[in-house]
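Chain naming here is simple, since letters A, B, ... match the order of the sequence lines and numbering starts at 1 in each. Since the structure is predicted, the reported quantities are computational estimates derived from the model, not experimental observations.
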Amino acid sequence: MRYIIGIGNYRMADDSIGLRIVEHIDQNGLGKGFEAVGIADEGMRLLSYLENETERIVLIDAVDLGLAAGEYRLFSPGDVQTTKVAQGLTTHEGDALKVLELARTLGYPIPPLTILGIQPGDLGPGMGLSPALQERFHTYLEIALEEVERD
Amino acid sequence: MRQNVSINVHHLTRVEGHGNIVVDVKNGKIEKMQWQVPEAPRFFEAMVRGRHYSEVARITSRICGICSIGHTLASVKATEDALGIRITPQTYKLRTIIKHAENADSHILHIYFLVAPDLFGAPSVFPLVPTHTEVVVRALRMKRTCHEWGSLLGGRTTHPNRVIPGGFAEYPTEAELKNLKQRLIDLQPDMDATVQTVLSVADKVPSFERQTEYMALSSDKEYALYDGVIQTVMPDGKKQRWPVADYKSCTNEYVVPQSTAKYTKNKMASYMAGALARFNNNYGLLHPEAKKLAEALKFKPLCFNPYMNSVAQLVEVVHSIKDSIRLLDEVLGSGYKPEDLVKPTKFGRGQGAVEVPRGILFHEYGYDDKGMCTGGNCIIPTNQNHGNIQLDLEALVPKLLAAEKDEKAIELGLEMLVRAYDPCISCSTHYLKVDFKR
C-alpha cells in the first residue's frame, strides 16, 4: 500500500497544509492506487502505516526550512536532523521526525518515505492558509501525487 | 517549612497544549499560586453560523484532533435534538462503540506516554525505550488497535466523516465488525500486562485529597459515555441531576484574570470532570471486569485524590473494551445492516453532551427553517477543570511546603497534578524544524 499522510493542526493556519491536501484528495476522489490519511495532531498514528507491506509514504507537513513562505523541499528523514526540543510524544511535542526516531529504535520497518516540507507563512490561530501557501496549493498537490506513485 | 519558593513552569510538558504553573512563596507566605492558560480563542461558535446542519459537525470536529470523535458526536447529537431526529437502536450502539474507541485510545496515550514517565522517574518516554522496551512496544500496539477501532466506525483516522445527523453516512461490513470484535478480545493479554505494570508503580501515585464536586453524564442503564443526563456527586455522596438542556445553569462560565480560557462552577467553588468524575458518579455501572481491576487497586468511590484520575482512566479502558465486545455481539446478533438516515422533523434549538476522555462536553446549536445554523455554543471539559486545578494547587502547595520538599520536588508534584487531569489545550502547531545535514 502507498500513503499520502498529512499531519498538523487544523486550527493553526499553515500548520494545516498537509491535512488540507489530504482532504482535497479525499473529497475529489483522487486517491487512486494509494490512500490519503490525515493524522492531524497525533503524530504517533504514523506508526500504524510503518509496515513491511507499505511501499511508499509521502508525508506532508509544514517545515521551517528557512525559506520564503510557500517554498518547499522534498527530502527523506535521513537528509535532516530535527532541531526541535521534544520532551515527550504529546500531540504538541512529538513531531513526525521524533516518531520516526522512536519507530526506528523499536525496530519498526521504515518504508521509503519522502517528506514534502512546506515553509509556513503563518502559524497563528486561523482556519485558513496564508496567501503564499494558498496560491501554490495545487503545486503541492501535484508533487505529492507524483511522488506517491514513484517506484 | 520552606520559606522561599519560586516556580515558573512555562508551557508545562507532557500535557496537550500550553499551560503555565507559577508559584511565589516569600517568607513562608504564598504570594502567588496560579494555573495559567494562555490559549488563543478559536471562535468555532462563529464559524458554524450560516452553515447548513449537514456541515456543522465537520467544522466542529476540528476543535480537537484528539477528541474529534467526541466533538463530532456532541455536535451531531445537538443537531439531532434541534431537528427532532430520533436515532435507531443500531446507530446508538455503533456510536457508543466509537465513543469507547476514542476514550480508550486517548487514555492509553495519557497513561503510558504522559503519566508513566513520572512514575518510572523518567523525564519523558524516550529514556524508557531501552530500559522498558516491552512496555513501550505494548503501549504502541494497544494504541494502534484503539485508533483503528475508531477509524473503522468513523471512516477516517481523525475527523470522522461517517457520523452524520440521522445516523451513519457509511457502514463497516459485518466481516469488519467481526474482525474488530476479535481484535478487542485479543487485547486481553496486553490489558493484563498493563494492569501489572500499573500495580508495580501504584505506590508512586501521590496521596493528596481535596473534597470537591464531580460532574459527569449519568444514566440508569449504562456507564454513561455517549448519552445521559448531567449529574454531580457532592463530597457527602449526595447526587443531583439536570437535563442536558440546562447545561448552562450547571456550568456557569466565568472569566479570570490569569487565563484566556473560561472557568466554570456549579454548587461548589469548582468541580472536576473526567475519568475520576465518571468513576465517582457511575461506579456501579462499570463492567464487572473493570470493577474487579478497581478492587485490585483498592480504588473505590468516592475518591478525592485527583492523581487517581489516571487510574480511573485505566479502569475505563477495561470497561470500554469489554462493553464494546458486548455491544458488537448485540449489533451482529440482531440483523446488522446499513440503515437509511432519519430525517429532520423540525428546525429549532438543541443541545448534545457526551463524555470525551477529559470529561463532559456540551454543544448547542440553533437552526432556522432552512436548516441553516443561527448560532452555536460549546463548553469543553478541560476548561471545566481549570478552576478545580487552581484550587487543588492552592491546597497542595502548603502541604508540600510543610513537608519540607525542595523546590524541584514541589515543581514535580504540581506538574504531576496538572498532568493527572490530562488537560488538552490544543492550540499548538506541529511543524517540523530541521537542519539539512551536510
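Residues from residues 138-148 of chain B that place a non-hydrogen atom less than 4.5 Å from a non-hydrogen atom of chain A comprise B:Leu140, B:Lys143, B:Arg144, B:His147, B:Glu148, given in numerical order.
Residues B:Asp105 and A:Arg45 are in side-chain contact: their nearest non-hydrogen atoms beyond the backbone lie under 4.5 Å apart.
More than 12 heavy-atom neighbours from other residues, nucleotides or ligands sit within 6.0 angstrom of CD on B:Gln182. Within a 6.0 Å sphere centred on OH of A:Tyr140, heavy atoms belonging to other residues, nucleotides or ligands number more than 12.
Between the CZ atom of B:Arg58 and the CD atom of A:Glu23 there is a distance of 5.5 Å, given to the nearest 0.5 Å. Between the CD atom of A:Glu101 and the CZ atom of B:Phe126 there is a distance of 6.0 Å, given to the nearest 0.5 Å.
For A:Asp14, no part sits under 4.5 Å from any heavy atom of chain B, backbone or side chain. Of the atoms belonging to A:Leu106, it is side-chain heavy atoms, and not backbone ones, that fall under 4.5 Å from chain B.
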